[in-house]
Amino acid sequence: MEANTAKPASHLTLPEDFTLPGLVDTYESIRKAYVPGVPFILDGSSVERCDAAAVQILLALAKTAAEDESPSQILNPSPALTEGFNTLMLSHVLETLSVNDSNDGPKEAL
């Protein structure tokens, strides 16, 4: 019988104000919580404001996670977070990164 060697996921809730003025703190929180090879879940449900700089942080994280083969996702992206991606014409990217609680699981790794 094999022991379960799955690593527990790291979780981080994105802030309400996910915009440039607070991105240094948010980036540091992501950096500290992210562990290569460990599933990483960002909860986007509380985001009320999102700008292009915030989307760029998530895109950089997606690239890093893919390089590290870390299964990562954005859980329950809020309307504001969704709009941040839509404004940059990246709604298709968010679709592959996100999962809602009602779904069975991620559509694809972040």
Side-chain angles (χ1 to χ4, degrees):
M1 179 178 189
E2 289 185 34
N4 184 356
T5 58
K7 298 176 183 175
S10 296
H11 291 85
L12 183 72
T13 300
L14 295 173
E16 284 183 19
D17 187 4
F18 192 35
T19 60
L20 186 58
L23 281 184
V24 171
D25 292 338
T26 302
Y27 170 77
E28 284 301 316
S29 295
I30 290 171
R31 191 181 64 76
K32 289 177 184 174
Y34 180 79
V35 178
V38 174
F40 191 66
I41 299 169
L42 290 170
D43 183 346
S45 62
S46 65
V47 175
E48 293 183 6
R49 288 169 299 286
C50 177
D51 62 12
V55 172
Q56 185 177 359
I57 292 285
L58 296 178
L59 294 175
L61 174 62
K63 182 178 185 288
T64 299
E67 290 170 355
D68 293 340
E69 298 181 7
S70 299
S72 302
Q73 61 193 22
I74 299 172
L75 180 66
N76 298 322
S78 70
L81 185 56
T82 301
E83 184 60 29
F85 276 83
N86 291 347
T87 298
L88 298 172
M89 302 175 89
L90 294 171
S91 58
H92 62 287
V93 175
L94 182 61
E95 286 179 20
T96 63
L97 303 177
S98 66
V99 63
N100 292 310
D101 281 336
S102 61
N103 292 349
D104 292 331
K107 296 175 186 173
E108 203 169 290
L110 175 69

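Numbers here are sequence positions counted from 1.
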Chemist: Would you check if the side chain of S46 reaches a backbone N or O of L14 as a donor-acceptor pair within less than 3.5 Å?
Modeler: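 Between the backbone of L14 and the side chain of S46 there is a qualifying donor-acceptor contact (under 3.5 Å).
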Chemist: In Å and rounded to the nearest 0.5 Å, what is the CD1 to CD distance from I74 to E95?
Modeler: 12.0 Å
Chemist: CG/L20 to SG/C50 distance, rounded to the nearest 0.5 angstrom?
Modeler: 11.5 Å
Chemist: With a sphere of 6.0 Å drawn around CD of E48, does it hold more than 12 non-hydrogen atoms of other residues, nucleotides or ligands?
Modeler: yes
Chemist: Quick one: do E67 and K63 make a salt bridge, cutoff under 4.0 Å?
Modeler: yes
Chemist: Can you name the nearest heavy-atom pair linking A62 to L97, along with the distance?
Modeler: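 Answer, listing the atom of A62 first, then L97: CB-CD2, 4.2 Å.
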Chemist: Grab the two heavy atoms, one from V99 and one from P77, that are nearest each other, plus how far apart they are.
Modeler: O-CD, 4.1 Å
Chemist: CG/L75 to NE2/H11 distance, rounded to the nearest 0.5 angstrom?
Modeler: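 So the gap between those two atoms works out to 7.5 Å.
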Chemist: Taking D43's backbone N and O only, do any of them form a donor-acceptor pair with S45's side chain (distance below 3.5 Å, no angle check)?
Modeler: no
Chemist: Under the side chain to side chain contact (heavy atoms under 4.5 Å, CB included) criterion, do L90 and L59 qualify, and how do the steps go?
Modeler: CA-CA 10 Å; L90 294 171; L59 294 175; 3.8 Å; yes
Chemist: What closest approach, in Å, do M89 and H92 show between heavy atoms, and which atom pair accounts for it?
Modeler: O-CE1, 3.4 Å
Chemist: Spell out, as yes or no, whether a donor-acceptor pair under 3.5 Å connects the side chain of S10 to the backbone of A33.
Modeler: yes
Chemist: Quick one: closest heavy-atom pair of V47 and A80, and the distance?
Modeler: O-CB, 3.6 Å
Chemist: Can a donor-acceptor pair be found between the side chains of T64 and Y34 at a distance below 3.5 Å?
Modeler: no
Chemist: Might you work through the side chain to side chain contact (heavy atoms under 4.5 Å, CB included) test for L61 and Y27, ending with a clear yes or no?
Modeler: CA-CA 10 Å; L61 174 62; Y27 170 77; over 6 Å; no
Chemist: Quick check on E69: does its CD atom have over 12 non-hydrogen neighbours (other residues, nucleotides or ligands) under 6.0 Å away?
Modeler: no
Chemist: So, for V38 and A9, which heavy atoms are closest and what is the spacing to 0.1 Å?
Modeler: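 So the two residues come closest at CG1-CA, 4.3 Å.
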Chemist: Give the C-alpha distance, both sets of side-chain angles, the deciding distance and a yes or no for side chain to side chain contact (heavy atoms under 4.5 Å, CB included) between L42 and L58.
Modeler: CA-CA 10 Å; L42 290 170; L58 296 178; 3.5 Å; yes
Chemist: State, to 0.1 Å, how close L81 and G44 come at their nearest heavy-atom pair, and which atoms those are.
Modeler: CD2-CA, 4.0 Å
Chemist: Between F18 and D51, does the side chain to side chain contact (heavy atoms under 4.5 Å, CB included) criterion hold? Intermediate values first, please.
Modeler: CA-CA 7 Å; F18 192 35; D51 62 12; over 6 Å; no
